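Report on the following structure.
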Amino acid sequence: MPELPEVETVCRSLAPRIEGRRIERFLVRNGSLRWPIDPQLPARLAGATLGTLHRRAKYILIESDAGRLLIHLGMSGSLRVLRSPEPPGKHDHYDLELDDGSVVRFNDPRRFGSLTWIAPDRESHPLLDGLGIEPLDSGFDGGWLYRATRGRRTAIKLFLMDARRIAGIGNIYANEALFHSGIHPRTAATRVGHGRCEKLVTAVKSTLARALEAGGSSLRDFVDTTGACGHFQLEYRVYGRDGEECTRCGGSVRVIRQGQRSTFYCPGCQR
DNA sequence: CTTTTGACCTGACAGC
DNA sequence: TGCTGTCAGGTCAAAA
């Protein structure tokens, strides 16, 4: 579930509920996530006051006077804010109990998510170092993409998804953006010229922005309730539509494998 | 350095 | 019904 727009939505929804709140108790039920949760973490953060939230790629950063929390939702993670107590489920791995009685609860069946900590005296974190440009930043433009792809023979779709180049474009958005820009996902990155770089950047930005709108609207109370997805999936042109009719040319959407992930595209529209 | 592959996990679903 | 295999929104680490 957590794509970049969804992580952004979670941040926006979470921020007003937790900024300025104090952590009364930090309860870890199962610390074996992608990386084990530091056993010292609950003690270090008990009593801390939470500050501003930020998103970097698909990471959620939460400032506090005892250091920063770095949260990743992985493939199946979600965060909810509970207003009244509720018995924890099988995959509810940790709770942040806040001073207003609410509980921030992390659920993640596959446990690909993570919770790490950046000490107050540390500038950054190894997981954040080396992340590429944010796709919604103004610096990410056609010229940037053109320069960055010169000499790169990897497929353009894999390039889009390489976090050390561009941070936060997931499988869905790579597929959708390539469809909207008419580029075949297997095209060598270095063979995408000026014009198509411009087009691709525009497609990436508009697809993400559109999904943020869609996610934002139906995810407004995401952290309060069920963790249901937004409705951007209703706008998928190729993702998950293997064998279905292309909405643009009427041809058949195809699926191939790239980097052990499924790539969906329209052979008629994408060259 | 770049590119590819394996690994981490559970759950849902298709096919037998 | 139950078994087996495949796939899933991510991404790091190791191998090639």
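On a predicted model such as this, the values are computed, not experimentally measured, just so you know. Below, chains carry the letters A, B, ... as their sequence lines are ordered, and counting in each starts from 1. Just so it is clear, the values below take in all heavy atoms, side chains as well, and ignore hydrogens, waters and symmetry mates.
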Original post:
Is any NZ, NE, NH1 or NH2 atom of the basic residue among Arg210(A) and Glu235(A) found under 4.0 Å from an Asp or Glu carboxylate oxygen of the other?
Top reply: yes

Original post:
Is the count of non-hydrogen atoms from other residues, nucleotides or ligands lying under 6.0 Å from Arg29(A) atom CZ greater than 12?
Top reply: yes

**OP:** Decide whether Gln258(A) and Thr263(A) meet the rule of one side-chain donor and one side-chain acceptor closer than 3.5 Å.
**Re:** yes

Subject >> Length of the CE-C1' vector between Met161(A) and dT4(B), whole Å >> reply: 15 Å

Subject >> Any side-chain donor near an acceptor of the partner, Arg196(A) and Ser181(A), under 3.5 Å >> reply: no

Original post:
Taking Tyr94(A) as the fixed residue, which of Val28(A), Asn30(A), Val104(A) is the one that meets the side-chain contact (heavy atoms from CB on, under 4.5 Å) rule?
Top reply: Val28(A)

Original post:
OP1, OP2 of dG9(C) versus side-chain N and O of Lys58(A): anything below 4.0 Å?
Top reply: no

Subject >> Watson-Crick or G-U stems involving DNA chain C, each at least 3 pairs long, distances under 3.5 Å, ordered by first number >> reply: B:2-8 with C:10-16, B:10-16 with C:2-8

Original post:
Ring-on-base stacking between Phe112(A) and dC8(B), under 5.5 Å between centres and under 30° between planes: is it there?
Top reply: yes

Original post:
Within the distance-only criterion (no hydrogens, no angle test), does the side chain of Gln270(A) pair as donor or acceptor with the backbone N or O of Cys266(A) below 3.5 angstrom?
Top reply: yes

**OP:** In whole angstrom, give me the gap between the P atoms of dC7(C) and dT5(B).
**Re:** 16 Å

Original post:
Is it true that the NZ or CZ of Arg150(A) lies under 6.0 Å from the centre of Tyr146(A)'s six-membered ring and within 45 degrees of the ring axis?
Top reply: yes

Original post:
Taking only N and O in the side chain of Ser76(A), is any of them less than 4.0 Å away from OP1 or OP2 of dG9(C)?
Top reply: no

**OP:** Take the protein atom CG of Asn30(A) and the nucleotide atom P of dC8(B), then report the distance between them rounded to whole Å.
**Re:** 16 Å

**OP:** Could you check whether Ser32(A) gets within reach of a base, just the sugar-phosphate, or nothing at all, counting any heavy atom under 4.0 Å?
**Re:** nothing

Original post:
Quick one: Asp129(A) CG to dT11(C) P, roughly how many Å, whole number?
Top reply: 16 Å

Original post:
In whole angstrom, what separates Met75(A)'s CE from dC12(C)'s C1'?
Top reply: 14 Å

Original post:
Is Arg164(A) near enough to dT2(B) that one of its side-chain N or O atoms lies under 4.0 angstrom from OP1 or OP2?
Top reply: no

Original post:
Counting N and O atoms only, with roles assigned by atom type, does the side chain of Trp144(A) sit under 3.5 Å from a partner on the main chain of Val201(A), one being a donor and the other an acceptor?
Top reply: no

Original post:
Counting just side-chain N and O atoms, does His91(A) come under 4.0 Å of either OP1 or OP2 of dG11(B)?
Top reply: yes

**OP:** Provide, to the nearest angstrom, the distance between the CD atom belonging to Glu3(A) and the P atom belonging to dT11(C).
**Re:** 9 Å

Using atom names, set out every protein N or O paired with an N or O of nucleotides 5-7 of chain B below 3.5 Å, distance rounded to 0.1 Å.
from: dG6(B); atom 1: N7; to: Gln260(A); atom 2: OE1; distance (Å): 3.4
from: dG6(B); atom 1: N7; to: Gln260(A); atom 2: NE2; distance (Å): 3.4

Original post:
Base, sugar-phosphate alone, or nothing: which one does Tyr59(A) contact when heavy atoms must sit under 4.0 Å apart?
Top reply: sugar-phosphate

Original post:
Quick one: is His72(A) getting a side-chain N or O under 4.0 Å of the dG10(C) phosphate, OP1 or OP2?
Top reply: no

Original post:
Hey, does the side chain of Arg257(A) come within less than 4.0 Å of dA8(C)'s phosphate (OP1/OP2), counting only N and O?
Top reply: yes

Original post:
Going by modelled atom types, is there a donor-acceptor pair between the base of dC9(B) and the side chain of Arg111(A) at under 3.5 Å?
Top reply: no

Original post:
From dG9(C), dG11(B), dC12(C), pick the nucleotide closest to the side chain of Lys90(A)?
Top reply: dG11(B)

Original post:
Given the P atoms of dC3(C) and dC9(B), what is the spacing between them in whole Å?
Top reply: 23 Å

Original post:
Starting at CG of Asn171(A) and ending at C1' of dG9(C), how long is that distance when rounded to a whole Å?
Top reply: 8 Å

Original post:
Rounded to whole angstroms, how far apart are CD1 on Ile169(A) and P on dG10(C)?
Top reply: 11 Å

**OP:** Record whether the side chain of Arg261(A) comes under 3.5 Å of the base of dA8(C) through a donor-acceptor pair of N or O atoms.
**Re:** no

Original post:
Hey, are Thr190(A) and Arg152(A) close enough side-chain-wise for a donor-acceptor pair under 3.5 Å?
Top reply: no

Original post:
Once the angle between the rings of His72(A) and Tyr59(A) is folded into 0 to 90°, is it parallel (under 30°), tilted (30 to 60°) or perpendicular (over 60°)?
Top reply: perpendicular

Original post:
To the nearest Å, how far apart are Leu33(A) CG and dT10(B) C1'?
Top reply: 13 Å

Original post:
Charged N to carboxylate O below 4.0 Å: is that the case for Lys157(A) and Asp162(A)?
Top reply: no

